[in-house]
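Numbered from 1 within each chain, the chains take letters A, B, ... in sequence-line order.
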Amino acid sequence: MDCFYAAIELRERPELVGQPVAVGGSTGRGVLTTCNYEARKFGCHSAMPVFKALRKCPNLVLLPVRSDLYREESHRIRGIFHSFTDLVEPLSLDEAYLDVSHLDSETATIAAEVRDRIREETKLTASAGIAPNKFLAKIASDWEKPDGQFEVLESEIDDFVYSLPVEKIWGVGKRTAEKIHAIGAKTCGDLQKLTLVELDRRFGKFGHELYRLSRGIDERHVNPNRERKSVSNERTYRENIESIEEGSEKLRPLIDELLDDVGGKHSNRQIREGVVKLKFEDFSITSAQRPMDKIEPHVFEELIQEAWVRGEGKSVRLIGAGVRFVSEQKKEATGPQLEMFDV
Amino acid sequence: MKFQIDKSDFLEGLQQVQHVVSTRTTLPILSNVLIEAEGDYLKLSTTDLDVGISGRVKANIEKEGATTLPARRLFSIIKELPSTDISIEIDSDDVATVRSGPSFFKILGLNKEEFPPLASFEEAREFGIDQKLLKDALKKTAYAISTDETRYVLNGINCLLKEGSLTLVATDGRRLAMVEQDLEFPSDDETGVIIPTKAVNELQRLLQDEGEVRVRLSSSQVGFELNESVLVSKLIEGNYPNFRQVIPGDANHRVTIEREVLLNATKRVALLASEKSNSVKLTFENDTLKISANSPEIGEAEETLHIKYDGPTITIAFNPEFLMAPLRALDQDEVFIDLIDDMSPGVIKIDEPFLYVIMPMRVTG
């Protein structure tokens with residue numbers, strides 16, 4: 001979906017059309033969840049701190065997040081996907097992989113139909129990437145954004161990836177990108193010149209992934225039963241938190257929310273470990289985790305202590321608390337074997 | 001740096017340290033062995049940052065010094081050399097010249113400064129254990145360590161030390177092996193540490209049947225000093241699950257059985273265990289133990305052993321590998337199997353302080 005949250009808000013408030021609009025933390029300390037193209041012209045983007053966005057675009061209209069509304073819309077759109085194929089793998093509220101390889105029509109035609117249906121039923125625009133695998137489809141979906149689609153044919157893969165910047169590869173963040181640049185590779189084409197052995201030596205297991213993805217090879221299937229791996233709550237505070245005592249206090253309501261989430265929607269899932277995440281004043285992030293099978297507030301307490309000292313005195317702007325679940329799929333694979341510990 | 005060394009001495013030294021070198025490393029120096037020539041010895045060290053090992057071998061040192069060379073490569077070169085006399089010289093650029101009989105090799109090394117030093121121990125507790133005792137205890141437990149990386153606290157042996165005893169526990173959540181030994185430990189408070197698999201494997205390689213191993217324990221690492229070697233490892237951080245609670249209390253029924261007979265029968269029957277369920281069924285009834293397995297598309301197997309048993313019929317299924325592993329590791333002639341019922345964990349015991357808990361599998365069909 002194109003600027004999903006912002007697009008929904010604009011649909012609800014047509015008077016704002018044409019103005020730079022963003023959805024996100026309203027305190028000035030939070031980050032933009034998304035923004036429309038007018039705002040992007042000023043250099044705003046999602047995950048940008050609000051204060052920065054306002055500096056770049058003083059006239060930015062900042063709207064509060066209305067999650068329930070977006071979720072409802074997302075549900076409607078997924079319904080549309082499912083009327084085409086059962087093989088739908090949602091990536092987020094506004095993004096999904098669809099496997100339509102078993103359908104007779106041309107893939108590009110199907111994509112156009114899906115997008116038409118979305119426009120008719122929701123008055124929102126969507127963009128699509130059409131390709132032989134997930135990796136390429138995801139990249140292609142950005143090519144003609146907004147309200148467009150782009151197809152990469154099997155025969156075009158080599159050309160398509162050749163000049164593709166390495167940052168486009170799934171899993172390559174800022175750090176890895178720097179490492180790749182340091183060995184003189186800027187594009188997938190450059191990466192292709194490195195042998196598998198060399199990539200392995202430099203990047204370990206991930207090197208194997210780089211080897212394949214830089215050639216446009218991705219064998220992951222569209223998995224309609226992708227399970228939720230974790231739940232977490234996090235909060236950016238109006239003012240930085242200076243002391244661990246205050247941090248612990250702020251952590252408590254997050255754990256309560258977590259208990260609600262886990263006890264409610266996810267009550268059928270088994271917890272594997274608990275995590276506390278901190279973002280420091282300099283925006284560096286750290287997280288501390290420990291195995292647990294139920295939410296134990298005192299362990300979270302210890303985790304925040306553990307993470308806090310890593311800041312070496314820096315104040316904290318964001319605290320998060322979450323749990324990771326035991327994989328149901330993995331559990332099923334073990335079949336009839338009984339377990340000793342309820343892991 | 002320059003030295004002469006006997007081929008088999010050098011090989012033995014390299015062999016001892018080369019397992020630690022990781023094959024996949026982002027840091028090239030970790031593929032190398034640190035070689036330090038001093039006095040009458042060559043000290044060899046390797047590390048993967050989690051585990052480090054060093055040992056020494058006798059050599060004729062002509063000029064002292066230190067360098068690092070690719071460990072596996074060096075080992076395979078030395079192994080193939082035609083003569084027992086080897087002479088090695090390293091220049092200031094860490095290029096090694098290896099000469100032996102008619103052979104000549106030039107190997108590019110890396111500067112020793114890049115080599116991460118083995119951890120040193122401050123505020124460590126120190127105690128000694130009989131090598132044979134520890135070797136035996138590890139052999140009886142190490143096979144039960146979990147290889148599932150998502151359960152990392154189980155990727156090692158849990159060692160509990162308290163006054164007078166050492167307890168070693170390994171489990172993957174489906175079976176658990178435990179040994180308790182008498183030990184003089186210089187502290188009143190109980191200490192529990194988890195030693196990672198890799199260190200356990202290396203330690204097993206180093207332990208011999210005689211002598212003592214000195215153990216140094218700090219809050220985050222453990223060191224072992226034995227024979228001519230030192231092994232240092234990070235400990236696994238985290239809480240080991242409460243294993244005592246999964247050890248069944250008194251059993252309802254005890255069966256005594258010859259270890260090898262049970263092992264061999266299980267081995268045969270397991271050949272027909274289906275790939276999907278991977279289980280063998282044990283039926284205890286009227287002085288017999290029937291072991292059976294079947295694969296829908298292949299066939300079935302059954303073997304009957306005569307035992308002393310007059311309790312109710314118990315039919316319990318196990319993963320055959322879980323049943324055989326302790327039988328292979330033990331050397332007693334007889335083992336005891338304690339059972340409660342079809343769905344409760346079975347326990348294998350011997351006449352010594354060892355026990356093995358094995359979780360059953362649901363019997364289907």
Please classify the contact between [X] and chain A as side chain, backbone, both or neither, with a heavy-atom cut-off of under 4.5 Å.
X      : value
B:S279 : neither
B:F322 : side chain
B:N278 : neither

Check this for me: [X], atom [atom1], are more than 12 non-hydrogen atoms of other residues, nucleotides or ligands nearer than 6.0 Å?
X      : atom1 : result
B:N242 : CG    : yes
A:H181 : NE2   : yes
B:Q245 : CD    : yes
A:R290 : CZ    : yes
A:E219 : CD    : no
A:K168 : NZ    : no

Rounded to the nearest 0.5 Å, what separates atom CZ in B:R151 from atom CZ in A:F341?
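Result: 7.5 Å between the selected atoms.
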What is the minimum heavy-atom distance between A:M340 and B:T171, and which atoms define it?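 Looks like SD-OG1, 3.8 Å.
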**Message:** Between B:R175 and A:E339, is the salt bridge (Lys or Arg N to Asp or Glu O under 4.0 Å) condition met? List the steps.
**Reply:** CA-CA 8 Å; B:R175 36 73 180 268; A:E339 296 276 340; over 6 Å; no
Quick check: do A:Q337 and B:F318 have side-chain heavy atoms less than 4.5 Å from each other?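 A:Q337 vs B:F318: side chains apart.
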*Is there a side-chain contact between A:L338 and B:M343 (heavy atoms, below 4.5 Å)?*
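Contact flag for A:L338/B:M343 side chains = yes.
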